[in-house]
S.K.: 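Below you'll find the structure I mean.
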Amino acid sequence: MSTDGNQTQKAPAPSPMKDRGIDLLLDIPLEVAVEVGRSRILVRDLLQLQEGSMIELDKLAGEPLDLYVNSRLIARGEAVVVNEKFGLRLTDVVSPSERIENLG
């Protein structure tokens, strides 16, 4: 209690288990992959690939690239260059309900 007659309350101490829970999740490694496109080819064509060979992908130039986290579609975006490396600028993030639907 304070000396001016007003009561003061101490904030409850944070629960060690509650704080540890989120900290444990923050250090879980995830595999992140950006997919440019896909194609199906015959084994005979695969065996004939060499430097300079071209494989046509199922996406058109300029279409959004897909971002997967642990093999699940999370977002789409466009390729950018950041400090002389490729990056992905997200243009559309998959809603949580869509992510749940894609689990099956």
Side-chain angles (χ1 to χ4, degrees):
M1 193 187 285
S2 68
T3 56
D4 64 2
N6 293 332
Q7 292 182 352
T8 57
Q9 296 180 355
K10 289 184 178 180
S15 165
M17 288 303 285
K18 187 175 181 180
D19 290 341
R20 275 191 64 204
I22 191 71
D23 287 343
L24 290 173
L25 293 176
L26 295 176
D27 290 331
I28 295 175
L30 301 171
E31 179 183 312
V32 178
V34 176
E35 184 175 282
V36 176
R38 293 179 182 216
S39 184
R40 294 187 135 217
I41 62 173
L42 299 173
V43 172
R44 104 172 39 93
D45 297 333
L46 176 68
L47 295 173
Q48 293 175 0
L49 290 177
Q50 56 188 339
E51 192 172 320
S53 294
M54 301 283 284
I55 299 174
E56 186 176 340
L57 302 176
D58 63 352
K59 287 199 177 195
L60 298 173
E63 275 191 86
L65 307 177
D66 295 329
L67 173 70
Y68 291 88
V69 176
N70 286 353
S71 300
R72 304 281 185 223
L73 180 63
I74 298 298
R76 291 179 183 86
E78 58 191 16
V80 295
V81 177
V82 181
N83 297 326
E84 299 185 23
K85 293 183 179 180
F86 285 109
L88 183 70
R89 177 181 295 125
L90 301 183
T91 58
D92 180 39
V93 177
V94 176
S95 71
S97 60
E98 277 185 281
R99 287 182 231 163
I100 291 170
E101 286 176 19
N102 290 335
L103 290 176

S.K.: Between Lys59 and Val36 (side chain of the first, backbone of the second, donor and acceptor by atom type, cut-off under 3.5 Å), is there such a pair?
M.R.: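 A pair under 3.5 Å: no.
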S.K.: Looking only at heavy atoms, what is the nearest atom pair of Ser39 and Leu57, with distance?
M.R.: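 Reported closest heavy-atom pair: CB-CD2, 4.3 Å.
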S.K.: Of Ile74, Leu88, Leu67, Asn70, which is the lone residue that meets side-chain contact (heavy atoms from CB on, under 4.5 Å) with Val32?
M.R.: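 The option that passes is Leu67.
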S.K.: Using the rule that Ile, Leu, Val, Met, Phe, Trp and Tyr join whenever any side-chain heavy atoms are under 4.5 Å apart, tell me whether Phe86 and Val69 fall into a single cluster.
M.R.: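 Result: no, two separate clusters.
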S.K.: Could you state the interatomic distance from CD (Glu35) to CZ (Arg76), rounded to the nearest 0.5 Å?
M.R.: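 Taking CD in Glu35 and CZ in Arg76, the distance rounds to 10.5 Å.
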S.K.: Count the heavy atoms belonging to other residues, nucleotides or ligands that lie under 6.0 Å from CD of Glu56, then report whether that count exceeds 12.
M.R.: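 Not more than 12 within 6.0 Å, no.
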S.K.: Please give me the minimum heavy-atom distance between Asp58 and Glu63, naming the atom from each residue.
M.R.: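 The answer is O-OE2, 4.4 Å.
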S.K.: Going only through I, L, V, M, F, W and Y residues with side-chain contacts under 4.5 Å, is there a path from Val82 to Leu90?
M.R.: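 No, Val82 and Leu90 fall in different hydrophobic clusters.
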S.K.: If you compare all heavy atoms of Ala75 against all heavy atoms of Val94, which two are closest, and at what distance to 0.1 Å?
M.R.: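 Minimum heavy-atom contact is N-CG2, 4.0 Å.
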S.K.: To the nearest 0.5 Å, what is the distance between CD1 (Ile55) and CD1 (Ile41)?
M.R.: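 If I round to the nearest 0.5 Å, the distance is 4.5 Å.
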